[in-house]
Amino acid sequence: MELSLDAPRPPDGIPPIDFRAQLNDEQFAAVTAPPGPLLVLAGAGSGKTRTLTYRVAYLLSQGVRPGEILLLTFTNKAAKEMLHRVQDLTGIEPPRFWGGTFHSLGHRALRIYGEAVGLPRNFTILDADESESLLKQTVEAEDKLFFKDKTNPRPGPLFSVLSLARNTQSTLAATVTANFPQYAEISHRFPAFAAAYAARKRAQNVVDYDDLLELWLALLTQAPEVAQYFAHRFRHVLVDEYQDTNTLQAQIVDRLAAHHCVMAVGDDAQCIYSWRGADFENIMTFPDRHPGTVIHRIETNYRSTPEILNLANGVLLAQPKGRHFDKELRASRGHAQKPFLVQTMDDREQAEFILKRIRSLVEDDGVSLNEIAILYRSHFLALEVQLALSRAGLPYHITSGVKFFERQHIRDAVALLRFVYNPGDAQAWQRVAVLLPKIGEKGAQKIYTAAHEQARLLRQDFLAVLPSDDVKSKVAKDARDDWQSFCDSLQQVAAVMQTGQPSAAVETAIDGWYGDYLKGAFADYVDRLEELKALIGFASRFEEMSDFLAQIMLLNSETSDRQVDPDADAVKLTTVHQAKGLEYDVVFLIGLADGQFPGRRSIEAGDVEEERRLFYVAVTRARNELYLSYPKIASRAGPGGMMLTPSRFLLELPPGLYEPLKVKRSYAW
């Protein structure tokens, strides 16, 4: 049955909808477009979700049955919101559609047709912890000593490596080189582990999260009768946030849309999740893979002022020619203040400026704290802002994680320093000791008691007796290979502490045993190492270790006493990645220096395009006011700091797009 666009013939019960009155020209053109391959480039704040929702309603109004529409999204929440809105418009209930995430619909397809690819219908799905546990068992069956080397990835990080390779359909070697360089020397071991893990899952009739995509694609490529069924079943395939698709997801869409009735909605300028597997090439090559694609641009922005959009368009114009789709955001709002460019001496002055400006916005302009956001590329860039807000008693909520000093690796490092400074601190010992293999709280307590008794008997320093045989005999067998390097590292930190340089002690702790532990414990080791280096910069303010440790504890106490309800009136602090899809009246984008934004790794790799897109996402979060700030000196580099240059993303913008704002240095802490 061909879709007729001449005369709407809504099924009984669907009320007439005046699409022309409820959509702007761009949205209307996309919503009512004739069937075929359609690529809808929806700029930031342009009503992407509205367009997709009304497209579903329009298809229904034209006689397409709900069961013939497949809606693919990235969150179940997005699918539910769209389909409930469709119900409001048409009266058709969400369960009548195939709508949801790629993974949920992959599960639905496999539950019905999985036997066609050798998957019995009674398969079960492993959660994340169970998947890692099974991988651990598999690896230990292959090499029982693998996880005993603390620089090797633990099961969680190893699973992350395998998962990213599967979703991007890359080799494990290429995946490690691009995303997990800390494992380069052992990456040749990974393919055997991956194969054994896959075999063990099949033997147990279980699948993990990634299998829901891999096996769904296998259904569409290896089972012709199933592929043909889906191709005829879904006359219209609609995909939300298409720029975020990974290789597997894009291939699934291509197979499902073999009849060419596919609408992909997205924005190439907002493709910022390559580290999760998103492939920028999917949206750029969509017209090549779907001949006859008609491109619709939705560029009217309902969020930001013209001045903010002028700057955003400046970011788009700086993209390399031929490596993006041309678009220009147009404002529906009236003129206002240009974005401000703020240069500060260092991170502390940047924080002080933000604090003063927030107070003025609230007290003089009546802006709600809830409508103010501080955005940053990486967590460590927000340290000084968190300290300033805490001292001022200004409520804030970190929407992309926990406060800096509450992050796991920061607490670990601080606990190690606390213990070395005061071996009587049993709680600090407990936190550090349990990081060793097979040592739990009871084991840590036994070691501590033995060392305490040995130190008393021999009248020696606590750290000096830790390597002794009497103490080592209490150490779990699996931890004994680590024990000497652990003890050596503690003594090295102690020796540096005696020089009275807290920053040097922090650096020694990071370079020693804990740094090796970090490499194996976290897939995002490189990012966490950056944050630990920020701790060195913070320590450089202090001349005494006691003052440094006390300040951290006092700050933690102050902030933990003021737990902020996420829905309460509080300033929002978040990474740009986590801010995508959100909007605020006022946005402060901090740390806009080369090496911070764009990040050092992107610069060294010679590819900053995703970072530029991230910058675009950041500036388009602002409705009314936008502040772009950068420090001249990176205080986290230690005493004297390191000179910074403004972000290349700022330098490539025409100066007329922003207004420089001078800051008077006046902080006293």
Side-chain angles (χ1 to χ4, degrees), residues 1-17 19 30-40 49-73 76 78-113 116 216-217 219-220 223-242 245 249-265 286 290 292-294 296:
M1 181 180 70
E2 292 299 318
L3 182 65
S4 170
L5 299 178
D6 298 328
R9 40 189 176 78
D12 292 341
I14 294 184
I17 302 170
F19 292 96
V31 164
T32 61
L38 304 169
L39 178 60
V40 180
T49 301
R50 184 178 184 83
T51 301
L52 203 49
T53 300
Y54 272 81
R55 175 64 174 181
V56 176
Y58 180 76
L59 293 174
L60 295 170
S61 75
Q62 297 297 304
V64 177
R65 293 189 293 271
E68 297 174 329
I69 299 173
L70 176 65
L71 174 62
L72 290 161
T73 63
N76 281 313
K80 287 178 181 177
E81 287 179 352
M82 279 190 234
L83 293 179
H84 277 102
R85 179 63 178 139
V86 169
Q87 183 178 12
D88 292 340
L89 290 170
T90 66
I92 295 178
E93 303 86 353
R96 295 179 62 186
F97 298 89
W98 271 56
T101 65
F102 281 86
H103 292 88
S104 66
L105 295 179
H107 169 249
R108 190 170 173 179
L110 289 168
R111 193 61 72 182
I112 303 171
Y113 300 108
W216 189 13
L217 180 58
L219 264 183
L220 298 173
E225 69 287 353
V226 177
Q228 187 175 24
Y229 168 79
F230 277 119
H232 287 89
R233 165 72 187 268
F234 300 119
R235 294 179 55 214
H236 293 272
V237 178
L238 291 82
V239 191
D240 188 24
E241 301 285 11
Y242 186 79
T245 54
Q249 291 161 334
Q251 290 187 4
I252 288 169
V253 171
D254 289 351
R255 293 283 175 172
L256 290 170
H259 56 338
H260 300 308
C261 284
V262 56
M263 173 184 275
V265 182
F286 183 91
H290 299 272
T293 292
V294 176
H296 290 266

Point-to-point distance, once rounded to the nearest 0.5 Å, from [atom1] of [X] to [atom2] of [Y]:
X    : Y    : atom1 : atom2 : result
M263 : D240 : CE    : CG    : 11.5 Å
F102 : L72  : CZ    : CG    : 4.5 Å
W216 : R255 : CH2   : CZ    : 13.5 Å
M82  : R55  : CE    : CZ    : 14.5 Å
S104 : W98  : OG    : CH2   : 9.5 Å
E81  : L52  : CD    : CG    : 12.5 Å

With a 4.5 Å cut-off on side-chain heavy atoms, are [Y] and [X] touching?
X    : Y    : answer
L60  : P66  : yes
V262 : F286 : yes
Q249 : H103 : yes
E241 : V265 : no
L70  : H236 : no
T32  : Y54  : no
V56  : I69  : yes
P94  : K80  : no

Heavy atoms only: give me the nearest [X]-[Y] pair and the separation to one decimal.
X    : Y    : value
T73  : A79  : OG1-CB, 3.5 Å
H290 : A257 : CE1-CB, 4.3 Å
L71  : L105 : O-CD1, 3.8 Å
T90  : P15  : O-CD, 3.5 Å
R233 : G67  : NE-O, 2.9 Å
R235 : H232 : CG-O, 4.2 Å

Inset, instruction - Indicate the ring-plane relationship of Y229 and Y113, choosing parallel, tilted or perpendicular according to the 30° and 60° boundaries. - result: tilted
Legend entry - F234 and C261: CA distance, side-chain angles, deciding distance, side-chain contact (heavy atoms from CB on, under 4.5 Å) verdict: CA-CA 9 Å; F234 300 119; C261 284; over 6 Å; no
Legend entry - Check: Q62 side chain, L59 main-chain N or O, donor-acceptor pair, under 3.5 Å: no
